[in-house]
Number of protein chains: 2
Amino acid sequence: MRIYIAMNSYVFEVLADPSRRKIVETLRAGECAVNDVVARVAIQQSGVSRHLRILMEAGFVQMRPQGTQRLYSLRAEPFRELDTWVALYRSLWETRLDRFGAALERSQQVNRPAQPSSPTRPARPRKKQAA
Amino acid sequence: MRIYIAMNSYVFEVLADPSRRKIVETLRAGECAVNDVVARVAIQQSGVSRHLRILMEAGFVQMRPQGTQRLYSLRAEPFRELDTWVALYRSLWETRLDRFGAALERSQQVNRPAQPSSPTRPARPRKKQAA
DNA sequence: GATGTATATACGCATACGTGCATATTGTGT
DNA sequence: ACACAATATGCACGTATGCGTATATACATC
């Protein structure tokens, strides 16, 4: 039986924007008010709010009002979808073991010198800002 | 030259396009000539070639000329990067055990009760069309 | 109720992106 | 050399997207 996880597909579109990724990264530390996020991103508050709305609609975040503030935090679903998606391609670099073995092996990857994958790493954009 | 795999960041931009994802999916089956891909996507050959170039530049695919044809196939790197990235968010849905235990438990997910469902649900395309 | 803070939304703009069409390029067979 | 097949590229266009500015809305405190 095949399990088709219809991948929101939208997940990638959402994550495609650098500002949005930055926001998500920020939220990884935990619940944040909008202004807290604004302090960490290089765009205006209006922009952050817009991005948060997009993230919300896509299920990446949830919101909890607290007084005047709105505390945003990450939700698991889209990330899990992403994980499920990428799992389809693990065979590209994993040894062919059964599922259990694969999971185990993955646990050993955690030990490998993981690169600082968080901070926006300017790879080279295809066209956008050439810099 | 050194190869720093600090999350291309570009990975998401590349995967953001539905046609490109479709192409990647297609290539999951194995090496394909351009026209084979064209047959499976809803865009012109010129578009496919362009997308393949983008995928190539981003390291998603490699090419092997064969006569008049050009056989494209997937490369592991970007997918591994993606896997590494999403790994940072696994704690969102995995029980808080140490990394090793987490990996182990992943193989037993069946037993775990579902996460408290959160508000935002649908996540429907903000604008663009997909599918 | 008035004021100040925190966040969301409307508007307009610049631009980057995907696409199709036409054409160039490369390779094959005769 | 010629004709054909496979693929790549230049060009133009429509449109979606992210941004900032200005404004609206919600809440708290006095």
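Order of the sequence lines sets the chain letters (A, B, ...), proteins ahead of strands, with each chain counted from 1. Predicted model only: the values in this text are computed from it and were never measured.
For the pair A:S19 and D:dC19, the criterion of a side-chain N or O lying under 4.0 Å from OP1 or OP2 is met. The phosphate of C:dC17 (OP1 or OP2) has no side-chain N or O of B:H51 nearer than 4.0 angstrom. Regarding contacts with the backbone of D:dA6, every side-chain N or O of B:Y72 stays at 4.0 angstrom or more from both OP1 and OP2. For the OP1/OP2 pair of C:dT7 and a distance below 4.0 Å, the side-chain nitrogens and oxygens of A:N35 include at least one atom meeting the criterion. Residue B:R53 has a polar side-chain atom (N or O) positioned under 4.0 Å from OP1 or OP2 of D:dT9.
Under the 4.5 Å side-chain criterion, counting only non-hydrogen atoms from C-beta, A:V86 is not in contact with A:L82.
Look at CZ on B:R21: it is 16 Å from P on C:dC17, rounded to the nearest Å. In this structure, B:L52 places its CG atom 11 Å from P of D:dT9, rounding to the nearest Å. Taking atom CG of B:D17 as the reference point, atom P of D:dT15 lies 17 Å away to the nearest angstrom. Distance B:L71 CG to D:dT7 P: 8 Å, rounded to the nearest Å. For the pair A:M63 CE and C:dA6 P, the computed distance is 16 Å after rounding to whole Å. Whole-Å rounding puts the A:L55 CG to C:dA8 C1' distance at 15 Å. Going from atom NZ of B:K22 over to atom P of C:dT19 covers 14 Å, rounded to whole Å. Rounded to whole Å, atom P of C:dC17 lies 12 Å from atom CD of B:E57.
Below the 3.5 angstrom threshold, one finds no donor paired with an acceptor across the side chain of B:Q45 and the base of D:dA6. Side-chain atoms of A:S46 and base atoms of D:dT21 include a donor and an acceptor less than 3.5 Å apart. For B:R20 against C:dG18, a side-chain-to-base donor-acceptor contact under 3.5 Å is absent.
No donor-acceptor pair under 3.5 Å is formed between the side chain of B:R75 and the backbone N or O of B:M56. Side chain of B:R64 to main chain of B:Y72: no donor-acceptor pair is present (N/O by atom type, distance under 3.5 Å, no hydrogens or angles).
With values rounded to the nearest 0.5 angstrom, A:L55 atom CG is found 6.5 Å from A:R20 atom CZ.
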Decide yes or no on salt bridge (charged side-chain N to carboxylate O under 4.0 Å, His left out) for B:R21 and B:E25, but give the supporting numbers first.
CA-CA 6 Å; B:R21 279 201 305 277; B:E25 271 173 37; 5.6 Å; no
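Exactly one residue among B:D36, B:T26, B:I43 makes a side chain to side chain contact (heavy atoms under 4.5 Å, CB included) with B:V48. That residue is B:I43.
Judged by closest nucleotide on DNA chain D, A:A42 is the one of A:A42 and A:R70 placed further toward the 5' end. Each of A:Q44 and A:G67 was matched to the nucleotide of DNA chain D holding its nearest heavy atom; the match closer to the 5' end belongs to A:Q44.
Nearest to the side chain of A:I43, among D:dT9, D:dA6, D:dG20, sits D:dG20. Closest to the side chain of B:T68, from the set D:dA8, C:dT28, D:dC27, is C:dT28. Between D:dG18, C:dT7, C:dT19, one nucleotide has an atom nearer to the side chain of A:I54 than all others, and that is D:dG18.
Among the heavy atoms of the strands lying under 4.0 Å from A:R50 is at least one base atom, whether or not backbone atoms are also near.
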